[in-house]
Protein chains: 2
Amino acid sequence: MDVNLRQIRSFVVVAQAGSFTRAAELLHLAQPTLTVQIRRLEETLEVKLFDRNTRSVELTRVGRELLPVFQRMIRDLDAVVVDTRDIAAKRRGIVRIAALPSVAAGALPEAIKSFRELQPGTSFVLKDVIANRVLDLVRSEEVDLGIMGGSVTGHDVEVLLEVRDRMHVVFPAKHPIGGIRKVTIDDLMKYPLVLMDPATSVRAVVDSAFLTAGHIAQPTCEATYMMTAIAMVRAGLGITILPGSAREIGAEPDLRSRQIDVADFSRAITIIKKSGRTLPPISEAFGDHLAKSIGAQPLFARR
Amino acid sequence: MDVNLRQIRSFVVVAQAGSFTRAAELLHLAQPTLTVQIRRLEETLEVKLFDRNTRSVELTRVGRELLPVFQRMIRDLDAVVVDTRDIAAKRRGIVRIAALPSVAAGALPEAIKSFRELQPGTSFVLKDVIANRVLDLVRSEEVDLGIMGGSVTGHDVEVLLEVRDRMHVVFPAKHPIGGIRKVTIDDLMKYPLVLMDPATSVRAVVDSAFLTAGHIAQPTCEATYMMTAIAMVRAGLGITILPGSAREIGAEPDLRSRQIDVADFSRAITIIKKSGRTLPPISEAFGDHLAKSIGAQPLFARR
DNA sequence: CACATCCATAGAGAATTTCTATCAATGGGA
DNA sequence: TCCCATTGATAGAAATTCTCTATGGATGTG
């Protein structure tokens with residue numbers, strides 16, 4: 001025979017109660033049940049745990065030394081069960097997310113804040129990484145959720161939401177382009193352009209739109225970070241093109257921005273998870289919350 | 001329902017094997033058994049532990065985080081069972097003894113040494129305390145075995161062995177008492193006496209014997225430790241009376257000793273344990289060994 | 001010395017576990 | 001594209017284990 005958790009529980013309670021009868025009451029069991037359980041445990045461990053007669057029940061020295069060990073085990077196990085049920089009930093948990101820097105600094109903090117108001121026990125691990133790293137991290141399950149630019153196809157990832165992030169032109173307050181109602185690619189070609197680095201998803205979208213319109217984008221300056229592009233615009237080096245969700249746009253009092261009315265001149269933002277895998281309940285919940293939160297933002301257009 | 005150790009074991013093995021079928025082989029169970037056990041565990045914990053289909057079995061993130069926790073629990077529990085069985089099999093254990101200083105320094109070390117040759121895994125906690133403290137320590141179960149002077153009566157302690165430690169007279173090599181074949185109390189009265197302190201069990205025996213012979217012992221010097229009494233004899237302050245088992249007697253080249261041939265002029269040495277209590281198996285075994293070892297010594301007389 | 005209390009034992013019944021047989025899904029190979 | 005081998009899931013029967021009631025025996029108390 002093998003040890004059994006119920007036997008251990010019974011041992012602990014009998015030891016604490018100092019009586020089989022009292023322990024049986026505490027455990028809502030019949031007294032002979034305990035007699036049998038303790039005997040089994042003693043047989044399994046091959047030692048006597050109690051010196052008992054009809055008048056007294058006392059731990060043997062071996063039993064006395066075993067008691068705290070078993071107490072700790074029971075306590076630890078119960079704690080694990082409670083913790084796990086907390087996770088199941090979404091009262092607790094760690095959500096792991098990989099996101100593009102622009103989203104990580106843009107829509108995500110708000111979504112996290114509002115989610116934590118509902119589920120205060122939630123922790124977050126947030127990795128802001130470039131383009132395809134997001135996909136890698138989701139595939140390798142280092143993160144539960146990924147927020148990436150571009151559409152995703154592939155049977156191993158599941159798309160929770162795909163929205164379009166419309167491109168905006170950003171220019172100094174008194175720039176002539178501010179007078180144009182419907183900005184086209186042709187309009188943009190007339191001015192010096194500050195563009196994002198070719199390695200970024202924004203630049204890919206810009207180049208593609210320019211090509212469709214029969215142009216090739218010729219930047220005056222290139223920047224890897226949106227903040228840098230903004231600074232160049234502010235310095236009068238030109239105008240730039242950024243996704244509408246970029247936080248940087250509204251932060252500058254001297255700059256203005258306007259959506260560019262060209263079909264499909266937008267970046268796809270996709271929330272993904274690995275398909276066929278069960279996420280921690282809290283992560284699942286946050287995925288839904290995030291999709292709802294981003295889907296509801298006027299900055300993004302649903303496909 | 002409550003968690004079950006078998007479920008936890010199954011979870012760990014399935015996780016390690018990455019397959020229900022393989023885990024079932026390892027556990028010598030049928031595969032459906034594992035399906036049921038894992039489902040039960042998942043129901044109890046309220047979380048999904050594996051993402052499984054007919055082609056692959058993979059831990060969910062919650063399962064992955066739970067695995068090491070459960071592994072440790074199983075490992076700890078198994079270790080406790082093995083340890084306890086070692087104690088049961090007398091391969092390991094701590095023997096706690098309280099003994100009179102004279103026995104602790106005399107017969108006991110030999111007994112411990114010979115016992116440890118048989119059971120190398122044995123540890124000892126040895127308290128050398130005076131007379132009645134031994135009884136207290138046995139009664140309060142701070143020690144498993146007690147070795148005390150004097151007879152013991154009382155229903156709460158059990159006597160494993162009682163031997164008589166005959167009294168010897170100790171004197172300088174050229175002392176006239178060396179010429180007497182059968183030393184009596186009257187002989188002793190003729191010389192200056194170095195006696196043990198009245199608080200010791202040795203002195204109690206001496207006083208009692210002198211009284212029986214119609215004398216009152218008049219010491220020239222009194223000593224609490226036998227070693228001190230011996231030193232005084234060596235310095236020529238008188239002769240002394242010590243139990244025959246005292247190590248100090250044979251240690252001095254210039255001193256001689258002889259048994260005193262007076263009926264009952266001896267100290268009782270009693271090995272006791274608390275009655276009705278189960279000792280650790282190793283302590284029980286050492287009790288037997290000690291009784292045999294002391295009972296076999298010519299220095300002691302069986303009652 | 002009778003009584004009340006407490007643990008142990010025995011045997012029946014209940015609950016749980018484990019088994020066999022079978023099904024359904026899935027990926028690989030012809 | 002289709003068949004087949006493999007794997008986990010399901011259902012129901014069998015076996016085992018657990019727990020209960022009834023009862024016995026020991027022991028300290030009044």
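Residue numbers start from 1 in every chain, and the chains themselves are labelled A, B, ... in the order their sequence lines are given, proteins ahead of strands.
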key: No-H, no-angle donor-acceptor pair, Arg52(B) side chain to dT7(D) base, under 3.5 Å   = no

ask   = Considering only heavy atoms and no angle criterion, is a donor-acceptor pair shorter than 3.5 Å present between the side chain of Arg6(B) and the base of dT17(C)?
value = no

Nearest-Å distance for atom pair [atom1]/[atom2], residues [X] and [N]:
{"X": "Asn53(B)", "N": "dG28(C)", "atom1": "CG", "atom2": "P", "result": "12 Å"}
{"X": "Glu25(A)", "N": "dT5(C)", "atom1": "CD", "atom2": "P", "result": "12 Å"}
{"X": "Gln31(B)", "N": "dA9(D)", "atom1": "CD", "atom2": "P", "result": "7 Å"}
{"X": "Arg22(A)", "N": "dT5(C)", "atom1": "CZ", "atom2": "P", "result": "14 Å"}
{"X": "Glu58(A)", "N": "dC6(C)", "atom1": "CD", "atom2": "P", "result": "16 Å"}
{"X": "Phe20(B)", "N": "dT10(D)", "atom1": "CZ", "atom2": "P", "result": "11 Å"}
{"X": "Leu49(B)", "N": "dG8(D)", "atom1": "CG", "atom2": "P", "result": "15 Å"}
{"X": "Arg40(B)", "N": "dA15(C)", "atom1": "CZ", "atom2": "C1'", "result": "10 Å"}

ask   = Closest nucleotide of DNA chain D for Thr33(A) versus for Arg39(B): which of these residues is on the 5' side?
value = Arg39(B)

Where [X] and [Y] come nearest, the two heavy atoms and their spacing:
{"X": "Asp2(A)", "Y": "Gln7(A)", "value": "O-OE1, 4.2 Å"}
{"X": "Leu100(A)", "Y": "Gly149(A)", "value": "CD1-N, 3.1 Å"}
{"X": "Lys273(A)", "Y": "Arg277(A)", "value": "NZ-O, 3.3 Å"}
{"X": "Glu42(A)", "Y": "Phe50(A)", "value": "OE2-N, 3.3 Å"}
{"X": "Gly295(A)", "Y": "Leu161(A)", "value": "N-CD2, 4.0 Å"}

At under 4.0 Å between heavy atoms, what does [X] touch on the DNA or RNA strands: base, sugar-phosphate, or nothing?
{"X": "Leu34(A)", "result": "nothing"}
{"X": "Gln37(B)", "result": "sugar-phosphate"}
{"X": "Thr35(B)", "result": "base"}
{"X": "Ser19(A)", "result": "sugar-phosphate"}
{"X": "Asn4(B)", "result": "sugar-phosphate"}

task = May I ask you to verify if any side-chain N or O of Thr21(A) is less than 4.0 angstrom from the OP1 or OP2 atom of dC7(C)?
result = yes

Nucleotide nearest Thr54(B) (side chain, heavy atoms from C-beta), chosen from dT5(C), dA11(D), dA25(C) = dA25(C)

key: From dC7(C), dT21(D), dT6(D), nucleotide with atom closest to Ala30(A) side chain   = dT21(D)

